[in-house]
Amino acid sequence: MKKPMNRFLLFLTALLVTGMMSSCKEEGPHKDNIIKLSATINSQQTVPRVTATGQGVGVFEYNKTTMELKYNITFQNIQPKFVTLNRAEPAWEAGPVLSTLATNPTGTQVQGTFKLNAEQQTALVIKQLYINITTEENIYGAIRGQIVPDGQTF
C-alpha cells in the first residue's frame, strides 16, 4: 500500500509545481515597451568642468518597438548655442555628438524625437547618453545631464 501513496504524493507534488510555474509571470520595467528616463542638467557634470548658473531638466520616453527617444528638455539662466545628444564611454567623460537637437533655441524648452539604432539603444540602457548644452562662452558644454531611468541618479 505504500507504493500507491508515494505515487499519489509524487503526482500531487508535480501538479503543485506545475501550477506554481504557470502562475509565475515575468514583470518589471524591462518588459515594458515604453521606458521613462530623465536627466538633471547642470554644470557639475561638464567635461571640462565649468561653473555656470544655468540648469535644466530632461524628460524622456523611449519606445523599444519603434526605437524612438522622445525628449522634452527645459532650461533656465542660460542662452544655449547648441543642445545636443551625446554618447560618452565611460559615461562620466566627454563624448561625440549623436544628434544636434537644437541650434540657437529661443525660449526655454526643446522638444522632439530622435530615432536610435541598436548600438545607441544599448548606450541608452547602460547610461552612456547625455544632454549637453553649449554656449558662446563654453563651447564644450556649459551644462550637462546624464540620461538615466526614472528614480535613478548619476
Side-chain angles (χ1 to χ4, degrees), residues 14 16-154:
L16 286 171
V17 169
T18 303
M20 288 186 339
M21 288 175 62
S22 65
S23 69
C24 291
K25 192 165 83 172
E26 189 175 3
E27 295 181 354
H30 65 285
K31 298 298 272 181
D32 294 339
N33 193 41
I34 303 292
I35 301 172
K36 295 186 182 291
L37 307 114
S38 61
T40 301
I41 307 168
N42 55 47
S43 65
Q44 295 171 338
Q45 301 175 57
T46 57
V47 179
R49 176 85 82 212
V50 300
T51 302
T53 59
Q55 56 187 356
V57 174
V59 178
F60 306 87
E61 283 187 2
Y62 182 66
N63 185 315
K64 293 191 290 189
T65 302
T66 63
M67 297 179 79
E68 291 180 328
L69 181 66
K70 183 189 278 187
Y71 56 88
N72 182 1
I73 301 162
T74 58
F75 44 86
Q76 60 187 6
N77 301 327
I78 190 169
Q79 182 54 54
K81 177 85 174 148
F82 296 104
V83 178
T84 60
L85 176 66
N86 297 51
R87 178 180 183 182
E89 195 176 345
W92 57 87
E93 294 289 344
V97 173
L98 298 179
S99 178
T100 299
L101 306 179
T103 302
N104 296 317
T106 57
T108 59
Q109 185 176 38
V110 173
Q111 295 178 314
T113 303
F114 177 72
K115 185 153 178 102
L116 275 61
N117 61 33
E119 183 181 331
Q120 293 164 341
Q121 176 180 279
T122 300
L124 177 68
V125 170
I126 61 175
K127 305 176 197 168
Q128 291 181 340
L129 300 187
Y130 67 94
I131 297 301
N132 196 40
I133 300 180
T134 65
T135 61
E136 291 287 339
E137 301 80 30
N138 294 297
I139 61 171
Y140 297 109
I143 58 176
R144 164 185 168 156
Q146 210 73 22
I147 302 172
V148 297
D150 276 1
Q152 295 185 11
T153 58
F154 181 74

Working for side chain to side chain contact (heavy atoms under 4.5 Å, CB included), residues Leu98 and Leu116: CA-CA 9 Å; Leu98 298 179; Leu116 275 61; over 6 Å; no
Minimal non-hydrogen separation, Lys127 against Ala91, with atom names: O-CB, 3.3 Å
Heavy-atom side-chain contact between Gln55 and Ile143 under 4.5 Å: no
Smallest separation among heavy atoms of Tyr130 and Gly95, with atom names: OH-N, 2.9 Å
Lys36, NZ atom: more than 12 neighbouring heavy atoms under 6.0 Å: no
side-chain contact (heavy atoms from CB on, under 4.5 Å) partners for Pro90, two or more places apart: Trp92, Glu93
Pairing residues for Thr106 by the side-chain contact (heavy atoms from CB on, under 4.5 Å) criterion, not counting sequence neighbours: none
Option passing side-chain contact (heavy atoms from CB on, under 4.5 Å) with Ile133 (candidates Ile41, Leu101, Asn138): Ile41
Which atom pairs, one a donor and one an acceptor, fall under 3.5 Å between side chains of residues 68-84 and the rest of the protein, sequence neighbours left out?
{"from": "Asn72", "atom 1": "OD1", "to": "Gln109", "atom 2": "NE2", "distance (Å)": "2.7"}
{"from": "Gln79", "atom 1": "NE2", "to": "Pro105", "atom 2": "O", "distance (Å)": "3.4"}
{"from": "Lys81", "atom 1": "NZ", "to": "Glu136", "atom 2": "OE2", "distance (Å)": "3.4"}
{"from": "Thr84", "atom 1": "OG1", "to": "Asn86", "atom 2": "OD1", "distance (Å)": "2.6"}
{"from": "Thr84", "atom 1": "OG1", "to": "Asn132", "atom 2": "O", "distance (Å)": "3.3"}

Expected output: side-chain Gln45 to main-chain Gln146 donor-acceptor under 3.5 Å: yes
Least distance between heavy atoms, Phe60 atom then Ser38 atom: CD1-CA, 3.9 Å
Tyr62 side-chain N/O to Val125 backbone N/O, donor-acceptor pair under 3.5 Å: no
OG1 on Thr122 to CD on Gln128, rounded to 0.5 Å: 9.0 Å
Whether Asn117 side chain and Gln120 backbone form a donor-acceptor pair below 3.5 Å: yes
Heavy-atom donor-acceptor pair, Glu137 side chain to Ala142 backbone, under 3.5 Å: no
Arg87 CZ to Ile147 CD1 distance, which is reported to the nearest 0.5 Å: 12.5 Å
side-chain contact (heavy atoms from CB on, under 4.5 Å) partner of Leu37, the single match among Leu124, Val148, Leu129: Leu124
